[in-house]
**Q** 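Below you'll find the structure I mean.
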Amino acid sequence: MSLAIQRAAFFIADFEIQFAWYVEKAGADVAWRFQSALDDSLRKVSVQPDLGRIRHFDDPKLLGLRSYQVKRPFQEVAHILPSRR
């Protein structure tokens with residue numbers, strides 16, 4: 001069973017900035033590959049929410065969050081922080 005993928009407003013805004021940066025710096029093809037890599041990562045996390053490493057924060061509201069890298073060559077660009085189950 002897959003969890004529903006929910007994109008918060010700040011996620012969408014951050015994605016749009018990153019996408020526009022790729023269009024400007026590397027071209028539309030790279031920007032679309034970034035979107036595809038991000039979508040693939042989101043699908044993987046929706047199927048297996050315990051992927052990635054557990055993150056540690058001082059704020060108790062952030063307990064249980066994990067990070068999961070977008071596949072290469074975008075692994076340094078975005079981390080996905082899924083909600084707790």
**Q** Check whether any side-chain heavy atom of L51 sits under 4.5 Å from a side-chain heavy atom of R66, and report yes or no.
**A**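 Heavy-atom side-chain distance check fails, nothing below 4.5 Å.
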**Q** Just so I know, are the side chains of L38 and F19 near enough to count as touching, which here means a heavy-atom distance under 4.5 Å?
**A**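 When only atoms from C-beta onward are counted, F19 and L38 do not touch, as no gap falls below 4.5 Å.
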**Q** Looking at D59, I'd like to know if its CG atom is crowded, meaning that more than 12 non-hydrogen atoms belonging to other residues, nucleotides or ligands lie closer than 6.0 Å.
**A** yes
**Q** State plainly whether the residues D39 and R43 are in salt-bridge range, i.e. N to O under 4.0 Å.
**A** no
**Q** Just wondering, do D14 and Q18 contact through their side chains at under 4.5 Å, heavy atoms?
**A**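 Contact flag for Q18/D14 side chains = no.
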**Q** Within a strict 4.5 Å, meaning less than it, do heavy atoms of the F57 and R55 side chains meet?
**A**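 F57 vs R55: side chains touch.
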**Q** Of all the heavy-atom pairs spanning A37 and V70, show the shortest one and how long it is.
**A** CB-CG1, 3.6 Å
**Q** Run the salt bridge (charged side-chain N to carboxylate O under 4.0 Å, His left out) check on R33 and D29 step by step: do they pass?
**A** CA-CA 6 Å; R33 286 190 301 165; D29 182 58; 3.7 Å; yes
**Q** Looking only at heavy atoms, which two atoms of V30 and Y22 are closest? And how far apart?
**A**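 Minimum heavy-atom contact is CG1-CD2, 3.7 Å.
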**Q** Going by the angle between their ring planes, with limits at 30° and 60°, are F15 and F34 parallel, tilted or perpendicular?
**A** parallel
**Q** How long is the straight-line distance from CG of L63 back to CD1 of I54, given to the nearest 0.5 Å?
**A**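 I54 atom CD1 to L63 atom CG measures 10.5 Å (nearest 0.5 Å).
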**Q** OH/Y68 to CG/D50 distance, rounded to the nearest 0.5 angstrom?
**A** 11.0 Å
